[in-house]
Enquirer: 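Quick one: the structure is below, questions incoming.
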Amino acid sequence: MLTYYMQLAWLSVKRTPIISSLMIVTLAVGVAVSMTMVTLQHVMSANGLAEQNDRVYALQLNNGSKNQGDDGGLKNGMADLLSYRTARALLASHAAPHVVAMHRWAAAVSLADNSIKPTKEMVRVTSRDFFALFGVPFIYGKVWDKQADDEARYQVVIDRTMNQHLFNGENSVGRDVQLNGRPYQVVGVVEDFAPNPSVQDLTQGAFAGNANIYLPFGLHRALQMLPNGNMRYSSSKDADTSASTEALTPEQQYERILQERFIWLQIWVELPDEQTKANFVTFLKSYFDEQYNNGFYERDFDYALSSPSEWLALNDVVSNDTRVMTLMALTFLLVCIINSIALLLAKLLRQSSEAGVRRALGASRSAIFSQNLIESGLIGLLGGVLGIGLSQLGLSFVRMLVSTEEARVVYSDGFTITLTVLLAIIASILAGCYPAWRISQTSLAQALKSQ
Amino acid sequence: MFEFGPILRTLWRSKTGALLIIVQAALTLGIISNAAFVVHERQAYISRPTGLDEQNIFVLSVAALSDAEYNYQDVVRDLQQIRQLPGVVDATFSLTSPLSNSGSSSDLSNEEDPDHPVSAMTDIVSSDSHALNALGLKLVAGRFFNDAEIVTASPLGNDGTIMAGIVITRSLADKLYGKGVDPLGKLLQDAPVIGVVESAMVSYVAPDYVAGVAFLPRFISTYPPEYIIRCEPGALSQLMVKVPDLLQRLDPNRMIRNVKPLTEVKDGTYRRAKSTVKMLVATMVLVACVTGLGIVGLTLLWGNRRRRQIGIRRALGASRGDIIRYFLTENLLITAVGGMVGIVLAIAVNQLMVQQYQMKALPISYILVTTVAVLILGLAAAMIPAWRSSLVSPALATRSV
């Protein structure tokens, strides 16, 4: 029976090639456009740290100046960055099991034997808890010692990709890498950690926070490190006047950056349960109050602890433009479905005389219904398959438009492919059901009379 | 002359098809008007004039291989050599590439009334005397600084030396001192304003971020310098090869990176807005095609179904024009109703976008223009099938199927 209906459907499709291909292409384009946008939004809203969602939190403090607006802050009115002094206080405390203070830096990477061409690479300067907090496993060696977070130790951790590039993937622990011409000893090699979007650091764009090289947090004074990224002075005291009365040595100038409210660091903390979280907030409040009283902070105590998913939302990683376009693309799919329904209806109604004959010869309404549903289902299926193909075309179009970092991740995955298939099936059923039902309702007498 | 009555009665009898077209036309109108508005807004944002000679400028950055600070004398040597090259109009240095939306900015206050300072977020461009010519900007009052006035500083801005002078754009002067007020000689950051430049965007393109630009005679030694090279028309592409070669020859122990025409830097800065425009235009074209082709197909099918009816009308004396007019009137009626529903829908969707996604309110002109466009689209789409139907011969009426 089914094969017979398939045959009938195929004949019917062949009889009206233009209208049939129009319906197929319409459905395909609708599925492709909406899937392209849904994939883009899906990629943008991916959370690479979803597993740590109820454990790790990005910290913000109300550390703006009292007469400044909210400029530079996130949607909740607080800056996304903190000062070195605050970072030091948190690292020294035992308020949370793991505290990560970090920033982005850049360095020329080379080897002493000149076996590779020097390149400029992103470097993450971080406290040693980074690997434990974000769950980055070590392949070789281990993290630097606690002292390396407090004083200058020229040590480095590299990831699998960098280890492959520099040392052909061998166990490189103990060997030297040159950063800006200075040798650093490799103490560990970790797995690649590159979530997209780079939720751990969104300050330079949603896909620009990943690095292949990690340096300890104790090097700041020795190198007078400044971040490769934002640094803001967020105090109401004039940044320049205090210095212009007398000339400062470079060391004194750098010390000012570390001690005054220059904000340039990101801080993440691990708080595995409610109790630790409550304790941490208590610590935060007493620290803030103490610093408020000695004039370091100027605003009232306020803080935010955001889980990775909250952090992505707070940083507007999925832009409103993307949301609006996804909305439009889904509406477009609706237009395509309606268009197919109208065409299919008109086409099937034209064949209602055939249905009349079949009914007169004893076919039941449900038989007519299923015959026509198979015909519309066939069209939907062809449209869906073509749509999946076209959506790959749409995605390559999108990849040409977005930044290179983003283009690397704008691909459909299992989830979006499944969704495309589902959408195609739903679209074809929606497009096919009503016309098939309508035609099965044709009254016998009328259908025969019109002959 | 228009057979509204018979058309409406016919439509009523097969109302599902007509209803579907109405909904489709309404949704099409909603999508196109809103998309067109967003496209127009983004286009206006992208095409704001910068004031720079964008087509003839390229940039590159110089990065050392060691921790050492950057030496001003090296930069002077590099730039002098670059200016000697045939085809180079001028060359200068800065902290970041123009139009990259990154740079150094600071809240500057005028020092007119210490109790009520007027302040403005300012794009701080540290450069040398060639900056104006290398960017293609014009001085409108006073003078630009000379190379003898340049100080070397750390990014915190101060080693105790006070700058000899500061040059600001007209837009910054307007914000700090009032529209059209002459700022020459007034103090800004303890330095006198010595010149005024026509309004322009230099480092930042974000519209609400900075009020204007201040040029400082300063070299910052702790960050890799960015060279800005302005070429004679047509010389850009060959100089983009020659200049890095020259720099590499002058000092091989460094990296010459990110050699890019300024137009490419600008494209990168506007990438999001540009990709939004392209994706929305693609959506608009596709939705118009789908709706147009849908109407073609449907009118074709309706025409086929009415072959006998058309034959009878032709036999009773209706001209081919009458038949075509019948189809077009029918189409116009349907799309007009769809248009009206669409207007309501477009406004409702826009309201939702205003509330949820911080979009701007859709001007009524967009809706009206799009409505007319959808009506024309519908008529154009119905034309060919209507003409085909009018070819039905009157003799058909006399035959049965």
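Note that the coordinates shown come from a computational prediction; the quantities given were computed from them, not determined experimentally. Proteins get letters first, then strands, A, B, ... in listed order; numbering begins at 1 in each.
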Enquirer: Between chain B and each of A/T26, A/V324, A/T322, count heavy-atom pairs under 4.5 Å; write down the option with the most.
Expert: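 Top count of heavy-atom pairs under 4.5 Å with chain B: A/V324.
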
Enquirer: Please flag which part of B/K274 lies under 4.5 Å from any non-hydrogen atom of chain A: side chain, backbone, both or neither.
Expert: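 Answer is neither: B/K274 stays 4.5 Å or more from chain A.
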
Enquirer: Is A/M400 close to chain B through its backbone or its side chain, or both, or neither, when contacts mean heavy atoms under 4.5 Å?
Expert: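 It is neither, since no heavy atom gets under 4.5 Å.
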
Enquirer: Heavy-atom pairs under 4.5 Å with chain B: which of A/L343, A/V109, A/T16 has the most?
Expert: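 The candidate making the most pairs under 4.5 Å is A/L343.
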
Enquirer: Which residue out of B/I31, B/L19, B/L300, B/T28 racks up the most heavy-atom pairs below 4.5 Å with chain A?
Expert: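 With the most close heavy-atom pairs to chain A, the winner is B/I31.
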
Enquirer: Would you say A/R323 has more than 12 foreign heavy atoms packed within less than 6.0 Å of its CZ?
Expert: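 Yes.
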
Enquirer: Under a 4.5 Å heavy-atom cut-off, does chain B meet the side chain of A/L27, its backbone, both or neither?
Expert: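 Neither part.
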
Enquirer: Side chain, backbone, both or neither: which part of A/I19 has a non-hydrogen atom closer than 4.5 Å to chain B?
Expert: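 Only the side chain of A/I19 comes within 4.5 Å of chain B.
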
Enquirer: For each of A/A106, A/A342, A/P118, A/G30, tally heavy-atom pairs with chain B at distances under 4.5 Å, and name the one with the top tally.
Expert: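 Top option by heavy-atom pairs under 4.5 Å: A/A342.
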
Enquirer: Counting only non-hydrogen atoms closer than 4.5 Å, does B/N34 touch chain A with its backbone (N, CA, C, O), its side chain (CB onward), both, or neither?
Expert: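 Both backbone and side chain of B/N34 come within 4.5 Å of chain A.
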
Enquirer: What part of A/L345 lies closer than 4.5 angstrom to a heavy atom of chain B: side chain, backbone, both or neither?
Expert: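 It is the side chain, since no backbone atom gets that close.
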
Enquirer: With chain A, which of B/M353, B/M279, B/Q356 has the greatest number of heavy-atom pairs at distances under 4.5 Å?
Expert: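 Sorted descending by pairs with chain A, the first entry is B/M279.
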
Enquirer: With a cut-off of 6.0 Å (strictly less than), are more than 12 heavy atoms of other residues, nucleotides or ligands near NZ of B/K278?
Expert: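 No.
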
Enquirer: Could you go step by step and tell me if B/F327 and B/R306 meet the side-chain contact (heavy atoms from CB on, under 4.5 Å) rule?
Expert: CA-CA 11 Å; B/F327 276 100; B/R306 295 181 192 149; 3.4 Å; yes

Enquirer: Please state whether the side chain, the backbone, both or neither of B/A35 comes within less than 4.5 Å of a heavy atom of chain A.
Expert: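 Contact with chain A is through both the backbone and side chain of B/A35.
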
Enquirer: Can you establish whether the number of heavy atoms outside A/I18 located under 6.0 Å from its atom CD1 is more than 12?
Expert: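 It does not: A/I18 CD1 has 12 such atoms or fewer within range.
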
Enquirer: Please determine whether the number of non-hydrogen atoms from other residues, nucleotides or ligands lying under 6.0 Å from atom CD1 of B/I384 exceeds 12.
Expert: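 Counting neighbours around CD1 of B/I384, 12 or fewer heavy atoms of other residues, nucleotides or ligands fall under 6.0 Å, so no.
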
Enquirer: side-chain hydrogen bond (donor to acceptor under 3.5 Å, both in side chains) for A/S391 and A/T36? Distances and angles first, verdict last.
Expert: CA-CA 6 Å; A/S391 69; A/T36 303; 5.4 Å; no

Enquirer: For the pair A/E255 and A/R221, find out whether any cationic side-chain nitrogen is under 4.0 Å from an anionic carboxylate oxygen.
Expert: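 A salt bridge links A/E255 with A/R221.
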
Enquirer: For B/T96 and B/E226, does a side-chain donor sit closer than 3.5 Å to a side-chain acceptor?
Expert: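 Note: B/T96 and B/E226 side chains miss the donor-acceptor criterion.
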
Enquirer: Please state whether the side chain, the backbone, both or neither of A/V29 comes within less than 4.5 Å of a heavy atom of chain B.
Expert: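 The side chain, not the backbone.
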
Enquirer: Yes or no on side-chain hydrogen bond (donor to acceptor under 3.5 Å, both in side chains) for A/S110 and A/K117, after CA distance, side-chain angles and deciding distance?
Expert: CA-CA 7 Å; A/S110 58; A/K117 194 171 177 282; over 6 Å; no

Enquirer: If you count heavy-atom pairs under 4.5 Å with chain B, which of A/R182, A/M23, A/M37, A/Q178 comes out on top?
Expert: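 Ranked by heavy-atom pairs under 4.5 Å with chain B, first place is A/R182.
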
